[in-house]
Amino acid sequence: MTSTQAWSDAQRLWDFQQMHHEPRPCSVGIGLGSHDLGVADATVDLYRRGMMPLIVFTGATSRTTRERMPRGEAEHYRERAMELGVPTDALLVEPNARNTGENIRFSRSLLVEHGVDVSSVLLVSKPYEERRAHATARKLWPEVEIVSASAPMTLAEYVDSIQNTRLVLDMLVGAQQRLLIYPEQGFMIRQEIPEAVSAAYDRLCSEGFTSRLVPTS
């Protein structure tokens, strides 16, 4: 059972992680690989709305996707997009990235390789990783405008879609930790963290939602 306080704290992290950008037409859409095929669906929806002429799906595999996506996250995303009617000439696949920084750097290199002129990126992630992805892209690709996007859903709806409350709360805590420690390591821009968000993060850590934390020493 998840306590009322843990749910409240998770909601606070969820709200903070979302950037609340209004989607607008961009040079390219980049769908960040993960365990969640909903990222592919959200990217396709934006493509259908005319928000970008080209999609890059990026991602290899991780411990959470090895069994579910054996051909790699980006390839499974591409297959999903094609099932939904996206033409192959509107899709590029970057199959090697294993973290958000590599997602950005490798996608950028792929677009250069294909001669795509990029002034703006519609960056599509899981709802609880919008801020982390945005901060990483701003650090690694500062000359382009980054517009963040994800599937429009509540925390409760997302947990229902994943069917694993523990995983979602652990991922929320992990995403928040990276906002705290990665700026010092040069992986993302620094952001101000409200006190209430920091307190929620600390309580969730103390309750044991720590499986997605990275070592700090």
Side-chain angles (χ1 to χ4, degrees), residues 14 17-62 64-100 102-104 106-111 113-130 132-134 137 144-164 167-168 171 175:
W14 174 273
Q17 281 285 346
Q18 296 191 0
M19 299 297 295
H20 306 289
H21 289 171
E22 186 68 31
R24 69 166 187 81
C26 290
S27 306
V28 65
I30 298 179
L32 302 179
S34 72
H35 61 89
D36 183 6
L37 267 178
V39 175
D41 292 353
T43 308
V44 170
D45 178 64
L46 290 162
Y47 171 82
R48 286 173 169 167
R49 291 164 55 190
M51 296 297 169
M52 65 283 214
L54 179 68
I55 295 170
V56 176
F57 287 130
T58 168
T61 57
S62 69
T64 57
T65 62
R66 203 168 291 123
E67 292 185 7
R68 186 180 305 182
M69 300 178 180
R71 293 182 297 286
E73 297 156 7
E75 179 57 30
H76 281 266
Y77 278 23
R78 183 188 71 86
E79 292 169 1
R80 175 65 172 165
M82 290 176 64
E83 287 174 8
L84 295 173
V86 179
T88 57
D89 60 2
L91 294 166
L92 291 176
V93 168
E94 185 295 295
N96 299 310
R98 297 186 180 276
N99 57 56
T100 308
E102 290 185 351
N103 287 142
I104 302 303
F106 294 174
S107 295
R108 181 180 184 177
S109 296
L110 181 65
L111 289 161
E113 184 183 315
H114 282 262
V116 180
D117 184 29
V118 178
S119 62
S120 56
V121 172
L122 193 52
L123 191 62
V124 188
S125 65
K126 299 186 293 296
Y128 60 83
E129 287 198 335
E130 277 194 27
R132 172 188 173 186
H134 185 265
V144 305
E145 182 178 2
I146 305 297
V147 180
S148 298
S150 63
M153 57 201 315
T154 66
L155 173 59
E157 289 169 342
Y158 190 78
V159 168
D160 285 345
S161 74
I162 298 298
Q163 291 292 298
N164 189 331
L167 174 64
V168 174
M171 290 286 199

Could you work out, with salt bridge (Lys or Arg N to Asp or Glu O under 4.0 Å) as the rule, every residue matching [X], not counting sequence neighbours?
X	value
E83	R80
D45	R49
E157	none

Among all residues two or more places apart in sequence or in another chain, which pass the side-chain contact (heavy atoms from CB on, under 4.5 Å) test with [X]?
X	answer
R108	W141, E143
N99	E102
A156	T154
E79	R71, E75, H76

How close do [X] and [Y] get, counting heavy atoms only, and between which atoms?
X	Y	value
T43	G31	OG1-CA, 3.9 Å
T100	A133	CG2-CA, 4.1 Å
E73	S34	OE1-N, 3.4 Å
A42	A151	CB-N, 3.8 Å
A137	I104	CB-CD1, 4.0 Å
V86	A90	CG1-CB, 4.1 Å

*Pair listing, salt bridge (Lys or Arg N to Asp or Glu O under 4.0 Å) test, anchored in residues 146-155, at least two apart*: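 Sorted result for residues 146-155: empty, none.
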[X] side, atom [atom1]; [Y] side, atom [atom2] - distance, nearest 0.5 Å:
X	Y	atom1	atom2	answer
E129	L32	CD	CG	8.5 Å
W14	M153	CH2	CE	6.5 Å
L155	D160	CG	CG	9.5 Å
N96	S107	CG	OG	10.5 Å

Acceptor/donor pairs from residues 114-125 side chains to any protein atom, 3.5 angstrom cut, sequence neighbours excluded:
unit_1: S119; atom_1: OG; unit_2: S27; atom_2: OG; d: 3.2
unit_1: S120; atom_1: OG; unit_2: S27; atom_2: N; d: 3.1
unit_1: S125; atom_1: OG; unit_2: E130; atom_2: N; d: 3.4

*What residues, two or more places apart in sequence or in another chain, satisfy ring-ring contact (aromatic ring centres under 6.0 Å, His included) together with Y128?*
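Once residues adjacent in sequence are excluded, the partners of Y128 under the ring-ring contact (aromatic ring centres under 6.0 Å, His included) criterion are Y158.
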Give the table of side-chain donor-acceptor pairs shorter than 3.5 Å for residues 52-60, with sequence neighbours excluded, one pair per line with atom names and distance.
unit_1: T58; atom_1: OG1; unit_2: E94; atom_2: OE1; d: 2.5
unit_1: T58; atom_1: OG1; unit_2: N103; atom_2: ND2; d: 2.9

*Do the non-hydrogen side-chain atoms of V147 and M51 ever get within less than 4.5 Å of each other?*
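Contact flag for V147/M51 side chains = no.
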*Does the side chain of Q17 reach to within under 4.5 Å of the side chain of P127, using non-hydrogen atoms?*
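They are not in side-chain contact.
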*asked:* Taking ring-ring contact (aromatic ring centres under 6.0 Å, His included) as the cut-off, I'd like each qualifying pair that reaches into residues 18-41, sequence neighbours left out, listed once.
replied: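 Residue pairs with at least one partner in residues 18-41: H21-H134.
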